[in-house]
Amino acid sequence: LLQWEHYLSCDGTPDPTVPQEINTFMSLWRDDQDEDVQLVMEKAEVVLNMIEKLQFLLLEASPEEITDKQRDQYQEVILQLQDLLHQKYNDATQNLLKVANMYEDSETGNMHTVLKDENITFCIWVNLKKKARFKNHVFQEAGHGFELPKSLALSSVAIRVLHTRYDHVSPLAASLKQNSSNTDDIKETEEETEKNSDVLDVPSQGIWLFFMCSTTKVLRLSILCEEPRGREEAPKAVDLQQLLPLGGVYHISALQLPPQAQDIGDWSMVELLDVGLELYPYSPGKAEDGTQEAVQITLRLPDNVIYFKVPVVARWDPAGQQWRTDGISKITYEAEEKSITFSMGAFYTVALLQDAHLNLPYQAWELHPAGVDEGLFTVTAVFATIQIQIKDNQCMLSSVVVEEEEMLSHITGKWMSLCPQSSFEKSWSEHFPAEYSPKYVLCSGKVSARISWWFFSVFHSGHPLLHWELLLHLTVHFFLQQVREHLTAGSAKDNDWSLFMFNGEKVQNLKLPETSEAFSEELEEESEFHSTLYHMLKDSASSEAMDKVERAGFLFIDSVYQLLLATRVLAYS
């Protein structure tokens with residue numbers, strides 16, 4: 001299907017699944033040494049699309065659709081494209097540095113520029129004059145900045161901040177982790193959980209939905225990075241199951257300045273060195289107060305990202321292939337200005353990480369019909385209330401409300417496909433639970449797959465906000481579900497709710513009102529138990545309601561099912 005769509009697009013780009021095409025593309029691009037940064041940014045869009053297509057195939061294709069050999073081939077091509085893309089940015093940076101003196105600033109005599117698009121923000125500053133008073137700089141168009149030690153301010157050095165809104169770094173650590181002892185721990189947790197319940201088989205990748213937000217509680221804080229738990233042998237190493245990089249990756253580098261072009265008569269001459277882009281050999285010395293010198297970095301946070309708490313700043317360790325929090329100090333987070341400032345003893349690739357489970361457990365959720373094969377899904381998390389509209393096989397993020405303020409307006413109101421690697425997934429900034437989430441957040445276990453989602457086309461369902469429910473989660477294995485019939489707009493009444501209890505084997509209708517101060521398993525008079533919620537409702541619903549249920553579209557049913565699988569509201573509420 002992907003190859004057919006590529007054929008129909010007829011856009012001249014290579015098919016990444018055809019070795020001859022993708023190898024020719026990479027070979028020709030690798031040989032082109034004269035590109036500038038802007039041209040690389042334009043071609044990067046094509047490269048990122050090809051990477052996305054291959055990732056989609058690896059995630060979605062069944063063993064019958066692609067062989068193990070093809071799977072290995074696609075993974076290798078992804079790595080080659082990622083490596084080539086970064087190398088082309090380095091080559092273009094080197095080309096720019098060779099002629100930096102042609103673009104010097106009239107005020108400082110140094111050179112600086114910012115280039116950006118939806119995937120990249122490229123900032124570079126070249127120290128041409130080597131004067132101590134110009135040791136700090138702010139890239140106004142990007143909001144990033146730095147302050148250098150005096151020794152660097154007097155050196156022939158260039159500072160580059162390359163912010164990629166994609167992350168081609170973390171997947172390297174994630175792939176290594178699959179072969180580590182951590183995987184065994186995860187498997188043990190999964191096996192233990194599956195022994196306790198009839199398990200819903202949720203895809204390991206799932207649908208990652210990200211929301212990050214700053215609240216008034218964390219305005220203007222100055223903190224040190226906290227140690228993630230769970231790695232005694234490397235306490236400063238980041239556990240990517242607990243903390244996730246959000247907002248992309250910042251490649252911060254000190255670069256060796258190549259020989260500059262010289263004007264001789266009508267000629268412009270430059271010495272060519274066949275060494276490529278070189279890192280500046282910086283070793284921190286002692287500051288005037290006797291402490292170790294440090295580079296101070298300020299990063300402007302992306303507008304399409306909202307942080308709920310102060311992000312953890314981590315640096316990439318190429319040797320260990322992991323994110324680490326050591327080497328970063330004096331972190332100051334300015335929530336209102338959406339900036340973060342920190343010091344580091346060397347130049348690193350850094351990322352801003354957020355607790356993957358800070359929005360769990362859910363406080364409440366509702367799913368009710370809004371028309372023929374349409375529904376509205378509302379999730380109240382710890383920091384945000386999220387509304388998602390469902391129509392046939394698509395979903396739309398209708399609103400994200402944090403402290404009564406609408407957030408993420410740039411991605412709301414857009415219908416998107418509901419599948420992994422879709423724009424629906426990529427547009428969001430905090431994720432719903434994964435298979436390893438029980439290690440970090442209290443949950444009520446996995447839920448029986450025998451529950452049918454058909455009735456959501458007519459019935460308004462939700463998770464009650466019961467003040468005695470936390471105690472129940474700690475002592476028993478069942479969940480409570482509120483349901484009422486909702487045939488047309490305005491037809492449902494507040495007192496029409498029925499409260500059902502499901503333990504994985506049977507559903508019962510409780511007499512208990514939500515306002516009750518104590519929990520009771522007393523049943524409604526003359527009520528019977530059923531094996532599924534669907535059969536329970538079928539026994540008591542009107543014929544008109546059940547007729548609408550039977551006529552619900554399969555695309556809509558699957559969308560509801562996939563959304564509930566992704567959010568796991570039944571287990572994490």
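All of these numbers come straight from a predicted model, not from anything done at the bench.
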Q) Any sub-3.5 Å donor-acceptor pair from N359's side-chain atoms to F383's backbone N or O? A) yes
Q) Any idea which heavy atoms bring L301 and Y250 closest together, and the distance? A) CA-OH, 4.5 Å
Q) Who passes side-chain hydrogen bond (donor to acceptor under 3.5 Å, both in side chains) against T412, sequence neighbours left out? A) none
Q: Go through the structure and list residues passing side chain to side chain contact (heavy atoms under 4.5 Å, CB included) with V46, not counting sequence neighbours.
A: T13, M50
Q. Taking all non-hydrogen atoms of both residues, which atom of I22 and which atom of V77 are closest, and how far apart?
A. CG1-CG1, 3.8 Å
Q.
If you define the side chain from C-beta out and look only at heavy atoms, does anything of P245 sit under 4.5 Å from L240?
A. yes
Q. Can you name the residues that form a side chain to side chain contact (heavy atoms under 4.5 Å, CB included) with P361, not counting sequence neighbours?
A. V441
**Q.** Side-chain (S399) to main-chain (V401) donor-acceptor, under 3.5 angstrom
**A.** no
Q) Can you name the side-chain hydrogen bond (donor to acceptor under 3.5 Å, both in side chains) partners of E524, sequence neighbours left out? A) none
Q) Which residues pass the side chain to side chain contact (heavy atoms under 4.5 Å, CB included) test with T349, sequence neighbours left out? A) V249, H251, W316, W323
Q: Please report the shortest heavy-atom distance between V310 and Q354, naming the atom on each side.
A: O-NE2, 4.4 Å
Q.
Test of understanding: with side-chain hydrogen bond (donor to acceptor under 3.5 Å, both in side chains), list the residues that count as partners of Q75, not counting sequence neighbours.
A. none
Q: Please name all residues satisfying salt bridge (charged side-chain N to carboxylate O under 4.0 Å, His left out) with D547, sequence neighbours left out, ordered by chain then number.
A: R551
Q) How are the rings of W365 and F377 set to each other: parallel, tilted or perpendicular (split at 30° and 60°)? A) perpendicular
Q.
Quick check: do T378 and T385 have side-chain heavy atoms less than 4.5 Å from each other?
A. yes
(Q) D83: which residues meet the salt bridge (charged side-chain N to carboxylate O under 4.0 Å, His left out) condition with it, sequence neighbours left out? (A) none
Q) What heavy-atom pair brings V400 and A384 nearest, and what distance separates the two atoms? A) CG1-CB, 4.3 Å
Q. CG of L367 to CD1 of I388: how many Å apart, nearest 0.5 Å?
A. 10.0 Å
(Q) Quick check: do H357 and S437 have side-chain heavy atoms less than 4.5 Å from each other? (A) yes
Q | Evaluation steps, side-chain contact (heavy atoms from CB on, under 4.5 Å), between N393 and D558 | A | CA-CA 7 Å; N393 65 336; D558 186 65; over 6 Å; no
Q) Does a side chain donor of either E45 or N119 reach within less than 3.5 Å of an acceptor in the other side chain? A) yes
Q: Check whether more than 12 heavy atoms from other residues, nucleotides or ligands sit under 6.0 Å from atom CD of E525, and answer yes or no.
A: no
Q.
Is there a side-chain contact between D239 and L243 in this structure, where contact means two heavy atoms from C-beta onward sitting under 4.5 Å apart?
A. no
(Q) Test of understanding: with salt bridge (charged side-chain N to carboxylate O under 4.0 Å, His left out), list the residues that count as partners of E522, not counting sequence neighbours. (A) K511
Q | Any residue meeting ring-ring contact (aromatic ring centres under 6.0 Å, His included) with H530, in chain and number order, not counting sequence neighbours | A | none
**Q.** Partner set under side chain to side chain contact (heavy atoms under 4.5 Å, CB included) for F529, not counting sequence neighbours
**A.** K506, Q508
Q: Please name all residues satisfying side-chain hydrogen bond (donor to acceptor under 3.5 Å, both in side chains) with N49, sequence neighbours left out, ordered by chain then number.
A: none
